[in-house]
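Notes to accompany the following structure.
Just so it is clear, the values below take in all heavy atoms, side chains as well, and ignore hydrogens, waters and symmetry mates. Order of the sequence lines fixes the chain letters, A, B, ..., with proteins taken first and strands second; residue numbering starts at 1 for each chain.
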Amino acid sequence: GAGVSQSPSNKVTEKGKDVELRCDPISGHTALYWYRQSLGQGLEFLIYFQGNSAPDKSGLPSDRFSAERTGGSVSTLTIQRTQQEDSAVYLCASSGTGGGYGGNQPQHFGDGTRLSIL
Amino acid sequence: DAKTTQPTSMDCAEGRAANLPCNHSTISGNEYVYWYRQIHSQGPQYIIHGLKNNETNEMASLIITEDRKSSTLILPHATLRDTAVYYCIVSRVTSNTGKLIFGQGTTLQVKP
C-alpha cells in the first residue's frame, strides 16, 4: 500500500517568508509525528498527534513553528518568519495504535521535505 | 526513555552477516527496542522491534539479551544496498509519549 507522502520534496525560500509543509499519513494510522534533521545531525522530534488527544508539542523549537492535523488525517507544519537555522529536512511519520500496555506500533516515515532558507 | 550506545561505524563484506550491537543498560521493563535505518536522502526505514524475545522478519533478526541490557541486529546476508546508518532506539511509545529519540547511530558500510 501507499506509504507516508510528503510535499513538496524540496522547498527553497527567502529568510522571513512563511512556509507550509504537508504530510499525508498511511491510511488508517491514528498517530502522526513530525521530526527534523539538520545537516549531519540526528533526527529531532518536533510534534506528535494521537487521535483526538491534545498534541505533544514539546519538541517545537519556537513559537514560529506550528502544526495542525485536520480530520485526523493530513497534517501541515507551518514555519513563520523563516530563519536560516530552520534549513533542514523535515520528516513526517505515522503509526497505527498499539493495543494493551506499552503500545508497540512502529513509526513509518516519509522521505521528507528538504527546506533551504536563503 | 533509556539511552542507547552504538559504535560509530562498522564495515561488513558483501554476502556476510552484519551484526550491529547496541547497549541499553538503563532500559525499563515497559520499553521496547526498535531498529531503524536511514539510507542517504531517504527517510528512516523501520526494520524490527522487540520487547523480550528474539524476533525475526524478512529483513533482519533481533537478539535481545536475557537481562535486556543489550541487543544485536543481524542482517544475515548483507548487500551493498544495506549500506546505511542504523539506529537503535529504546522507547515506551505509550499513547501520549510517541516520540522516538534518535542518537547518532552506526554507519554500516557494506563492501564488495
Item to check | A:Leu39, CG atom: more than 12 neighbouring heavy atoms under 6.0 Å | outcome: no
Item to check | Heavy atoms from other residues, nucleotides or ligands near CZ of A:Arg69 exceed 12 (cutoff 6.0 Å) | outcome: yes
Next on the checklist: So B:Tyr36 and A:Phe109, do their side chains get closer than 4.5 Å, heavy atoms only?
Outcome noted: yes
Checklist entry - Between B:Leu100 and A:Tyr35, what is the shortest heavy-atom contact and its length? => result N-OH, 2.9 Å
Next on the checklist: Same cluster or not: B:Tyr32 versus A:Tyr48, using hydrophobic residues (I, L, V, M, F, W, Y) connected whenever any side-chain heavy atoms lie under 4.5 Å apart?
Outcome noted: yes
Item to check | A:Phe45 and B:Phe102 aromatic centres sub-6.0 Å | outcome: no
Checklist entry - Does a side-chain heavy-atom distance below 4.5 Å link A:Gln107 with B:Pro44? => result no
Checklist entry - Are A:Val4 and A:Ile47 linked, directly or through other ILVMFWY residues, by side chains that come within less than 4.5 angstrom of each other? => result no
Checklist outcome for this item: If one checks every heavy atom of B:Gln42 against chain A at 4.5 Å, the contacting part turns out to be both
Next on the checklist: With a 3.5 Å distance limit and no angle check, can you tell me whether A:Asp111 reaches the backbone of B:Gly43 through a side-chain donor-acceptor pair?
Outcome noted: yes
Checklist entry - Linking I/L/V/M/F/W/Y whenever their side-chain heavy atoms sit closer than 4.5 Å, directly or via other members, would B:Ile48 and B:Ile63 fall into one cluster? => result no
Checklist entry - Can you tell if the side chain of A:His108 reaches within under 4.5 Å of the side chain of B:Tyr46, non-hydrogen atoms only? => result yes
Checklist entry - Is the count of non-hydrogen atoms from other residues, nucleotides or ligands lying under 6.0 Å from A:Glu14 atom CD greater than 12? => result no
Checklist outcome for this item: All heavy atoms of B:Lys99 vs all of A:Ser58, minimum pair found to be NZ-OG, 3.8 Å
Next on the checklist: Between A:Glu44 and chain B, with a heavy-atom cut-off of 4.5 Å, which part of the residue counts as in contact: side chain, backbone, both or neither?
Outcome noted: neither
Checklist entry - Do A:Leu32 and A:Val89 share a hydrophobic cluster, counting only Ile, Leu, Val, Met, Phe, Trp and Tyr and linking them when any side-chain heavy atoms are less than 4.5 Å apart? => result no
Item to check | Heavy-atom side-chain contact between B:Gln38 and A:Gln37 under 4.5 Å | outcome: yes
Checklist outcome for this item: So, the part of A:Leu91 with a heavy atom under 4.5 Å from chain B: the answer is side chain
Next on the checklist: Could you see if B:Leu62 belongs to whatever hydrophobic cluster contains B:Met10? Use Ile, Leu, Val, Met, Phe, Trp, Tyr and a side-chain cutoff under 4.5 Å.
Outcome noted: yes
